[in-house]
Amino acid sequence: EVHIHSMDSHHIRALLASRKAVLDKCVDLENEIRGLFKVFGIKLPPKLGHGAFDPKVRPIIEADRVLSKSLLPVLDARLVLYKTFRELDNRTRKAAHADPVCQRLMTAPGVGFVTALTFKAAVDDPTRFKRSRTVAAYFGLTPRRFQSGELDLDGHISKCGDAGVRYTLYVAANAMMTRSSKWSSLKAWGMQLAKTRGHRRAVIAVARKLAVILHRMWIDDTQFRWGTEPARS
């Protein structure tokens, strides 16, 4: 059944899409400047934050009068895009913190304002899913299955539905497993799974469970349950 999203959902999706589009163009210009710098033997640090890019690059360009004619306009355009991104990012953050549903979803570890808004806009109406586990399948996080006779083979995830939701859930699950220092039963399950199936598969599995948990939190109007941490020997 095709779901017609509400106007509120479309407004959120428009804000998220605008934020992502401006960020992508900003990254494209950063990579273009990096590539042009290599021609002149200039190599920038691989990990350079968006906010630190202009202060680091501008003195290098301005020191060369000839290089300034070609690269300063590109750097100026990139700076305008970055300021626009910051404005859209702040609007997105305020929208998430002003929404009661997003506030509840953000109690889950790894779930930030972008993930919460993306999930809320995509689901729109949580009651249209009779079971929470079908949400993971709706966003393509469940394995594909081939059955024929005695064959019953599980493949990679189906990747159906909204790719943006799938991406944000993966990022949230990875942040939970690698950055979050607070213990939870979900993280413990993911870390245990990573020992036998590998980190990437474990993150996908945690993302699948996270989609189910977020929907159940929304339906039951409850916050994330961390569980009881086992005693350490």
Side-chain angles (χ1 to χ4, degrees), residues 1-31 50 81 84-85 88-89 91-93 95-96 99 101-102 105-106 108-146 153-179 186 190 193-194 197-219:
E1 181 179 352
V2 177
H3 174 70
I4 306 300
H5 286 81
S6 64
M7 288 304 298
D8 182 58
S9 174
H10 281 298
H11 289 155
I12 294 174
R13 290 160 72 93
L15 178 60
L16 290 169
S18 299
R19 175 187 177 276
K20 184 178 183 302
V22 174
L23 178 60
D24 288 345
K25 299 303 179 185
C26 186
V27 173
D28 288 343
L29 288 181
E30 290 177 6
N31 291 334
H50 299 299
L81 282 173
T84 305
F85 163 74
L88 290 170
D89 189 63
R91 292 181 184 181
T92 305
R93 182 180 286 103
D99 189 287
V101 174
C102 291
L105 298 180
M106 286 189 291
V111 177
F113 64 95
V114 174
T115 303
L117 273 179
T118 304
F119 185 83
K120 179 181 183 295
V123 174
D124 193 26
D125 180 12
T127 59
R128 65 190 178 100
F129 296 99
K130 294 182 180 180
R131 296 186 304 171
S132 294
R133 67 174 58 184
T134 59
V135 178
Y138 180 75
F139 293 126
L141 286 168
T142 52
R144 289 177 295 184
R145 171 163 290 180
F146 175 78
L153 303 176
D154 287 336
H156 298 289
I157 58 174
S158 64
K159 295 185 179 180
C160 298
D162 195 326
V165 179
R166 196 161 53 248
Y167 171 77
T168 54
L169 287 173
Y170 182 91
V171 172
N174 187 60
M176 178 196 303
M177 294 182 61
T178 59
R179 299 180 184 177
L186 179 59
L193 187 63
R197 302 300 300 274
H199 178 76
R200 184 173 177 273
R201 288 185 177 181
V203 172
I204 294 175
V206 172
R208 180 166 59 248
K209 277 204 169 188
L210 191 59
V212 176
I213 292 172
L214 292 179
H215 178 263
R216 183 46 50 186
M217 289 166 56
W218 191 351
I219 288 290

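Given the structure is predicted, the values throughout are model-derived calculations rather than measurements.
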Any idea which heavy atoms bring [X] and [Y] closest together, and the distance?
X: Leu141; Y: Ala211; answer: CD1-CB, 4.4 Å
X: Met106; Y: Ala96; answer: CE-O, 3.9 Å
X: Leu81; Y: Cys26; answer: CD1-N, 4.1 Å

How long is the gap from [atom1] on [X] to [atom2] on [Y], to the nearest 0.5 Å?
X: Asp28; Y: Leu23; atom1: CG; atom2: CG; answer: 9.5 Å
X: Lys25; Y: Lys20; atom1: NZ; atom2: NZ; answer: 10.0 Å
X: Leu105; Y: Asp99; atom1: CG; atom2: CG; answer: 8.5 Å
X: Leu214; Y: Ile219; atom1: CG; atom2: CD1; answer: 12.0 Å
X: Phe85; Y: Ser18; atom1: CZ; atom2: OG; answer: 12.5 Å

Tell me, do His215 and Tyr138 make a side-chain contact under 4.5 Å, heavy atoms counted?
no

Within-4.5 Å side-chain heavy-atom neighbours: Arg216 and Val135
no

Do the side chain of Arg208 and the main chain of Ala136 share a donor and acceptor less than 3.5 angstrom apart?
no

Any donor and acceptor pair, going by atom type alone, linking the side chain of Arg166 with main-chain N or O of Cys160 inside 3.5 Å?
yes

Walk me through it: do His199 and Asn174 pass the test side chain to side chain contact (heavy atoms under 4.5 Å, CB included)?
CA-CA 9 Å; His199 178 76; Asn174 187 60; 2.9 Å; yes

For residues 110-126, which side-chain donor-acceptor pairs fall under 3.5 Å, sequence neighbours excluded?
residue : atom : partner : partner atom : Å
Thr118  : OG1  : Val114  : O            : 2.7
Lys120  : NZ   : Asp8    : OD2          : 3.4
Asp124  : OD1  : Ser6    : OG           : 2.8
Asp124  : OD2  : His3    : NE2          : 3.0
Asp124  : OD2  : Ser6    : N            : 2.9
Asp125  : OD1  : Thr127  : N            : 3.3
Asp125  : OD1  : Thr127  : OG1          : 2.6
Asp125  : OD2  : Thr127  : OG1          : 3.1

Greater than 12 external heavy atoms within 6.0 Å of Arg133's CZ
no

Would you check if there is a donor-acceptor pair between the side chains of Arg19 and Thr92 at a distance under 3.5 Å?
no

